[in-house]
There are 2 protein chains.
Amino acid sequence: MKKRRVTSTDVARKAGVSQSAVSRTFSPWPTQSGVSAEIREKVLRAAKELGYQPNAIARSLITQRSRIVGVLFSYLDNPFYARALELLCHGLQARGYHALVFMMSDTLQDIDSTVSDILQYQVDGLLTASVELSSKLCIECTERGIPVVMFNRTQDDPGLSAVTTDNIGGGRLAAKALLDAGCERLAVLAGWEGASTSRDREFGFRAELHARGAELFERANGNFNLEDTAQATRAFFKDRNPAERPDALFVINDYMAIRAMDVIRNELGLRIPEDVSVVGFDDISTAAQPTYGLTTVRQPINRMVEASLRLLFEQIEDSAAQPEHVMLGAQLVERHSVRRKSSP
Amino acid sequence: MKKRRVTSTDVARKAGVSQSAVSRTFSPWPTQSGVSAEIREKVLRAAKELGYQPNAIARSLITQRSRIVGVLFSYLDNPFYARALELLCHGLQARGYHALVFMMSDTLQDIDSTVSDILQYQVDGLLTASVELSSKLCIECTERGIPVVMFNRTQDDPGLSAVTTDNIGGGRLAAKALLDAGCERLAVLAGWEGASTSRDREFGFRAELHARGAELFERANGNFNLEDTAQATRAFFKDRNPAERPDALFVINDYMAIRAMDVIRNELGLRIPEDVSVVGFDDISTAAQPTYGLTTVRQPINRMVEASLRLLFEQIEDSAAQPEHVMLGAQLVERHSVRRKSSP
DNA sequence: CTGAAAGCGCTAACAA
DNA sequence: TTGTTAGCGCTTTCAG
């Protein structure tokens, strides 16, 4: 049993008015279109009886606005990104827009077809997070006048908007915390060099070390996944004397840091912060749980989302708006994973 | 500087063929439409030069298929749902569909306008998770022939498809594990009675207790959020003698269980499993981390997602397909949060 | 196999 | 204010 959809024409017929009258009644900008209260009344009644809902697809076709924005993520494992998606969706909805989500498992997905999909759906804008944008995507979008803003990533391309935390500054903060506590053999567990976040945080960390005349003791990549993180952590500590292993670890994000802490404590039998201090980045909710009490560099996620949305809509609404890079300040949140300052 | 989109007509002109030829060349079902290799060639070349991409919106309007499915979530805090969303998106994309995400913060959002939004976007189907569907939504959708399948929820309405784990059986498993270990004062920390998952798991738990002639010692609601969970956990144990407090806790999902464990160990200073055994539900990745080693009832999330998608597409592709409730088996994953069986 | 023509459901001039 | 008309970009008969 096939149900035909009910159209504005159906409503018009039932209400005894023109189809335009129906259109005007359901126009999202109520003030602008003149409809007498009487007609409005009739239309609304007929619409309700028929269960009419305007067809957003048809509307988009004519208005050249889909009120859909593409949202690109590569994974939701890291709670920071899950939270970001949640906030992004809320913000979009609050503005009458909706998120069409593209989940691209970095490896699996072929990027070309995704680009193509995005373009075909006529999204009004594109928000990308946790994904290294192929320049292809950027070019194709900007060429077509689709604004894109990168969330928590940067790319050198100045044609793109981006919002990030001050990752370099954040990295310095982490180094500072560890150095101030008297740690001497500092290691960093990075993500992956292709990611600007990871690069910048490590860069800042090293910069601070350098400024203080300290040396980086060791480094490794955790590739943003738990398996490699655990592996790398073991390599740092396993079968090494206290003097030969790091006494401080800066992990590039909390998601990985939590895993590292687990390995350190439960597999390796080391104590935090007595044997090794650890600092993370992001401040996900788990970091605050007493079991971890992870000292970390907080990213102001709410403000990041707000800024991303603002940038995006500025460009959607005003095609002359210029791309912009907004960088928010990072902040150290001290908990119990860094040992107390040893008096000099 | 406004860029006009390039349409199939532009391509046709450039290629010196009819617009229909272009349409046929880009038809998603290559076999069905006859286009000579020669024309195809010309069209493709012209399209590439112009950077043409078919307009999915216009296509949807005529085919009455948007290839978009609405995906309803209320939060992504619980990693189980974040993971579910990730898998759902992948599955959808693999089938050439995309997810339009509706994030409805249970309280904030007004349900009517969301229903309206969903309907307006002409989604081909609806997937709902972690959300108690107002019957309104169900009715409106089914009335319009939009298939809906509920993920990890049920509702009595037989007109709706749903896929769940055997929550009742899972609840029994949890009780069995605790009883077999010799626990005597069993408490359950539920979610919220409005949620079928919570109700069913608790029901199964109680049923098993009853079958074994045991009594439920105590219960409380954690309302699926960490704050209330912590609160409830404290109430169970704080300032109570060993004999007056639970020696076993069944928490309705891992997300809450992890929080409960933290409170028990770090705030209350109790040991797990020596002082209290705990069992969770879901088997999120954190449960497997050695720090927690949470014994839990696993939901086969991959199969749940596959089943949901299968159900949804059966109904999308064949409007005669009947709604169905598929229930997958639950499985106990034993780790270290339940004390070893005391020999009788 | 190919092109012409008729819409999909809606908005936006334009007249009345 | 209201109705009439002309499309938005595409798919799909229907002739040729």
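To find a chain, count down the sequence lines: A is the first, B the second, and so on, and within it residues start at 1.
- Judged purely by atom type and a 3.5 angstrom limit, A/T142 has no side-chain atom pairing as donor or acceptor with the backbone of A/G145.
- Distance CG (B/L61) to P (C/dT11): 12 Å, rounded to an integer number of Å.
- The CD1 atom of B/I62 sits 12 Å away from the C1' atom of C/dA5 (whole-angstrom rounding).
- Salt bridge absent: B/E306 and B/R310 never bring a charged side-chain N and a carboxylate O closer than 4.0 Å.
- Atom C1' of nucleotide C/dG3 and atom CD of B/Q19 are separated by 10 Å, given to the nearest angstrom.
- The existence of a salt bridge linking B/D112 and B/K136 is confirmed by a sub-4.0 Å separation between a basic side-chain nitrogen and an acidic carboxylate oxygen.
- A straight line from CD of A/Q120 to C1' of D/dC8 spans 17 Å, rounded to a whole angstrom.
- Rounded to an integer number of Å, the gap from CD of B/Q53 to P of D/dC10 is 11 Å.
- When the nucleotides D/dC8, C/dC8, D/dG3 are ranked by their closest atom to the side chain of A/Q64, D/dC8 comes out on top.
- In this structure, A/F26 atom CZ and C/dA12 atom P are separated by 16 Å, rounded to whole Å.
- In this structure, A/S161 contributes its side chain and A/E324 its backbone to a donor-acceptor pair below 3.5 Å.
- Look at B/T63 and you won't find any side-chain N or O under 4.0 angstrom from OP1 or OP2 of D/dT11.
- For A/S36, whose side chain is taken as the heavy atoms from C-beta onward, the closest listed nucleotide among D/dT1, D/dC10, D/dG3 is D/dT1.
- Distances were taken from every side-chain heavy atom of B/P54 (C-beta onward) to each of D/dG3, D/dC10, C/dC10; the shortest belongs to D/dC10.
- Looking only at distances, a side-chain donor or acceptor of B/Q322 sits under 3.5 Å from a matching main-chain atom of B/A320.
- Using a 30° and 60° split on the angle between ring planes, A/F102 and B/H98 fall in the tilted class, from 30° to 60°.
- Within 4.0 Å (heavy atoms only), B/S23 reaches at least one base atom of the nucleic acid.
- At the phosphate of C/dG9, neither OP1 nor OP2 sits under 4.0 Å from any side-chain N or O atom of A/S8.
- Picking from D/dT2, C/dC10, D/dG9 the nucleotide with the shortest atom distance to the side chain of A/R24 gives D/dT2.
- Using a 4.0 Å heavy-atom criterion, one finds that B/T7 contacts the sugar-phosphate atoms exclusively.
- A/R65 has its CZ atom 20 Å from the C1' atom of C/dG9, to the nearest Å.
- Here the nucleotide nearest the side chain of A/V17, chosen from D/dG9, D/dG3, C/dT11, is D/dG3.
- Here D/dC10 is the nucleotide among C/dG3, D/dT4, D/dC10 with the atom lying nearest to any side-chain atom of B/R59.
- Interface remark: the B/S20 side chain does form a donor-acceptor pair with the C/dA4 base, using a distance-only criterion of under 3.5 Å.
- A/D10 has its CG atom 9 Å from the P atom of C/dC10, to the nearest Å.
- Distance from the side chain of A/N55 is smallest for C/dG9 among the nucleotides D/dT12, C/dT2, C/dG9.
- Within 4.0 Å (heavy atoms only), A/I39 reaches sugar-phosphate atoms of the nucleic acid but no base atom.
- Nearest to the side chain of A/A21, among C/dC10, D/dC10, D/dG3, sits D/dG3.
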